[in-house]
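Presented below is the structure to which this report refers.
It should be emphasised that the depicted structure is a prediction, and the values quoted were computed from it without experimental measurement.
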Amino acid sequence: VIQPVEEKAKEETKSSGHGLLYYMAVSGGFVMMPAIAAFYVVKESITVWSPTLLTEIFSADPSFTVALSTVISLASIFGAMLAQLVFTHWLHDEMKSIAFFNFSVGVGLILVLTVGMKSIWAMLILLSLILVLLTSVNTLFMGIIPLRFGRFDLLCDHCREEPRPVEDQ
């Protein structure tokens, strides 16, 4: 009889006594959840509300601000490259890189409130930069950090194993 991988994983989890909540607590997942939620609130706010922001502050034409917000969204493509560059060539640590990017986002938000209010182009550049930095954080959280857990085989053993015969007892 061949036992599916999912059933084997459930049996091993039951026998070890550790479930998802245990692994979330041990890995620091519960600590990271509020930070990830705040990150997504800021990122989606910039993406969704930037046309309204630019229209209301600078009295710009709505169609023009929608076109500008496309530039802001396209700029986020460079976030993954920036994350890789900072992580591999400068800081060599995921958490230090995330802290650097979050600090830079904070500085960018302060600049939006001061310098960004004076020019639509300054606001566009700052919002684009903030979105690039937030995409860098997302790349590290969702792309680089999970690889660390894969190296230690915490949860990934069940995903890689092929079904194998179960011995009758």
Practice task
Taking all heavy atoms of Ile120 and all of Ala60, pick out the closest pair and write down the distance.
Solution key: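 Taking every non-hydrogen atom into account, CD1-CB, 4.0 Å.
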Handout entry: Which atom of Ala75 lies closest to which atom of Val132, heavy atoms considered
Key =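 Minimum heavy-atom separation between Ala75 and Val132: O-CG2, 3.0 Å.
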Are any non-hydrogen side-chain atoms of [X] and [Y] less than 4.5 angstrom apart?
X      : Y      : answer
Val86  : Leu140 : no
Leu113 : Met117 : yes
Phe101 : Thr135 : no
Leu124 : Ile72  : yes
Leu53  : Met123 : yes
Phe39  : Leu134 : yes
Leu111 : Leu129 : no
Phe103 : Val107 : yes

Handout entry: Sequence neighbours excluded - side chain to side chain donor-acceptor pair (under 3.5 Å) pairs with any residue from residues 136-146
Key =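 Qualifying pairs: Tyr40-Asn138.
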Problem - Pair listing, side chain to side chain donor-acceptor pair (under 3.5 Å) test, anchored in residues 62-88, at least two apart - result: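 Counting only pairs at least two positions apart or across chains, the side chain to side chain donor-acceptor pair (under 3.5 Å) contacts touching residues 62-88 are Thr55-Thr65, Asp61-Ser63.
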Please determine whether residues [X] and [Y] belong to a single hydrophobic cluster, defined as Ile, Leu, Val, Met, Phe, Trp and Tyr linked transitively by side-chain heavy-atom distances below 4.5 Å.
X      : Y      : answer
Ile125 : Ile57  : no
Ile77  : Leu68  : no
Trp49  : Val66  : no
Ile110 : Phe100 : no
Phe64  : Phe58  : yes

Practice task
Please say whether more than 12 non-hydrogen atoms of neighbouring residues, nucleotides or ligands are located less than 6.0 Å from CZ in Phe78.
Solution key: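 Counting other residues, nucleotides and ligands, CZ of Phe78 stays at 12 neighbours or fewer.
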Handout entry: Identified side chain to side chain contact (heavy atoms under 4.5 Å, CB included) partner of Val137 from the options Asn102, Val105, Val42
Key =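 Testing Val137 for a side chain to side chain contact (heavy atoms under 4.5 Å, CB included) against Asn102, Val105, Val42 leaves exactly one candidate, Asn102.
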